[in-house]
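The structure appears right after this line, and notes come after that.
Residue numbers start at 1 and run along the sequence shown. Hydrogens, waters and symmetry mates are skipped; everything else that's a heavy atom, side chains included, is used.
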Amino acid sequence: MNGDGLPFTLPRVSLGTWRMRGPEAATVVREAIALGYRCVDTATGYGNEEAVGAGIRAGGADREDLLIVTKFPEEDAGRERETLLRSLDLLGVEYLDLWLIHAPLDADGSLALWERFVEAREKGLVRAIGVSNFRPDQVDDLAARSGVAPAVNQVAFGPRHFDPALAGHHAARRITVQGHSPFSENDLAHPVLRATAERHGRGVHQVLLRWHVEHGVPTVAKSASPARLAANLEVSEFSLDPSEVAAIDRIGAEASGGPGGPGASGGRAS
């Protein structure tokens, strides 16, 4: 079952807001929008949707120029509409651009939840629907049983979890892979990353983001520092050569004896 794809293009770098709360979250979102971020990613489980909404309004960008993403906590299955309406209210918007299931349930549970997501899209409350931290087989089962493939699967795609088959699997089904936690899920002190950063006169954080770009995978990156927020947007200013990409690809395989695969950490740090 192939999906309909996204009705928009995710930027190379979106703003992540995990573990940001209150005034800090509002300030970071406002500053990020001023710097040029146009996709803001949050989750009901973060407990910061109201603050993120305040930051979006303070950022001053037109709503149609922003992509707003939140995630549904799978443990709240059965309260999908109530949770969505509350998210819209807290964020201060009339619709979401993308709504994700934060993590899979068992096959039947994910299917029942996904059917409510499809209804929300049909009613115009969300523009696109997707999942997070799903394995390819879970994505396939969901699509086959519902007849609707997710538009996005947001996973830990970084070198530690790199699975060369994932992007191809999803691309064949018109499912966008979006990487989360590029910094917290990877070893920033790894010698390959440090050496690559030194050659380019860049930071390791920038190299990690550029590595995602080289694989055609947009990323959700969190930072509270204005300087780091700005640096994260500089991934278009340099590129990695194929040998550098290949060396970074091997980081996870060398550590584990094989590809880590999406969501291999088992966490929900997105």
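The shortest side-chain heavy-atom distance between Leu188 and Leu208 falls under the 4.5 Å cut-off. Side chains of Glu122 and Val118 form a contact here, defined as non-hydrogen atoms less than 4.5 Å apart. The shortest side-chain heavy-atom distance between Val152 and Leu6 falls under the 4.5 Å cut-off. No side-chain heavy atom of Arg86 sits less than 4.5 Å from a side-chain heavy atom of Thr44. Contact annotation: the side chain of Gln154 approaches that of Asp41 to within less than 4.5 Å [non-hydrogen atoms, C-beta and beyond].
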Chi angles and distances behind the side-chain hydrogen bond (donor to acceptor under 3.5 Å, both in side chains) call for Asn186, His161: CA-CA 9 Å; Asn186 292 285; His161 303 292; over 6 Å; no

Pair His190-Ile251, side-chain contact (heavy atoms from CB on, under 4.5 Å): steps then yes or no: CA-CA 8 Å; His190 194 283; Ile251 289 174; 3.7 Å; yes

Steps toward side-chain contact (heavy atoms from CB on, under 4.5 Å) verdict (Val40, Val52): CA-CA 8 Å; Val40 178; Val52 167; 3.7 Å; yes

Audit row: Arg127, Arg121, side-chain contact (heavy atoms from CB on, under 4.5 Å) steps and yes/no: CA-CA 6 Å; Arg127 294 176 65 198; Arg121 187 186 65 175; over 6 Å; no

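At a threshold of 4.5 Å between side-chain heavy atoms, the hydrophobic network of Ile, Leu, Val, Met, Phe, Trp and Tyr places Leu10 and Leu100 in one connected group. One hydrophobic cluster, built from ILVMFWY side chains closer than 4.5 Å, cannot hold both Leu166 and Val220; they sit in different ones. Under a hydrophobic-cluster definition in which Ile, Leu, Val, Met, Phe, Trp and Tyr are linked whenever side-chain heavy atoms come within less than 4.5 Å, directly or via other members, Phe8 and Ile129 are assigned to different clusters. If you chain together hydrophobic residues whose side chains sit under 4.5 Å apart, Val207 and Val235 fall into the same group. Hydrophobic clustering (side-chain heavy atoms under 4.5 Å, transitive across Ile, Leu, Val, Met, Phe, Trp, Tyr) groups Leu142 together with Phe117.
Side-chain rings of Phe134 and Trp114 stay apart, their centers remaining 6.0 Å or farther from each other. Aromatic pair His215/Phe162: ring centres closer than 6.0 Å.
Each of Arg12, His200, Arg202 was compared with Arg210 under the side chain to side chain contact (heavy atoms under 4.5 Å, CB included) criterion, and only Arg12 meets it.
Of all heavy-atom pairs between Gln178 and Ser14, the closest is NE2-OG, 3.7 Å. In plain terms, the two heavy atoms of Leu66 and Asp97 that are nearest each other are O-OD2, 3.3 Å.
The backbone N or O of Arg135 lies less than 3.5 Å from a partner atom in the side chain of Gln138, making a donor-acceptor pair. A donor-acceptor contact shorter than 3.5 Å links the side chain of Glu80 to the backbone of Gly78. Between the side chain of Ser110 and the backbone N or O of Pro104, no donor-acceptor pair lies under 3.5 Å. Under the 3.5 Å distance criterion, the side-chain polar atoms of Asn48 are matched with a main-chain donor or acceptor of Thr17. A distance-only check finds a donor-acceptor pair linking the side chain of Asp106 to the backbone of Asp108 [under 3.5 Å]. At distances below 3.5 Å, at least one donor-acceptor pair connects side-chain atoms of Gln206 with backbone N or O atoms of Ala231. Judged by distance alone, with hydrogens and angles left aside, the side-chain atoms of Thr219 form no donor-acceptor pair with the main-chain N or O of Val13 at under 3.5 Å. Checking side-chain atoms of Asp241 against main-chain N and O of Glu244 turns up a donor-acceptor pair under 3.5 Å. Of the possible polar contacts, none joining the Asp62 side chain to the Glu64 backbone as a donor-acceptor pair under 3.5 Å is found.
For Asp140 and Arg173, the salt-bridge test passes: some basic side-chain N is under 4.0 Å from an acidic carboxylate O. Ion pairing of Arg81 with Glu119 is absent here, as no side-chain N (NZ or NE/NH1/NH2) approaches a carboxylate O to less than 4.0 Å.
In this model, no donor atom of one side chain and acceptor atom of the other lie less than 3.5 Å apart for His169 and Asp163.
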Listing, residues 24-37 side-chain donor-acceptor contacts under 3.5 Å, not counting sequence neighbours, or none:
residue, atom, partner, partner atom, Å
Thr27, OG1, Pro23, O, 2.9
Tyr37, OH, Leu229, O, 2.7

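The aromatic rings of Phe157 and Trp211 lie tilted to each other, with the angle between the two planes from 30° to 60°.
Under a cutoff of 6.0 Å and an axis angle of 45°, Arg63 and Tyr95 form a cation-pi pair.
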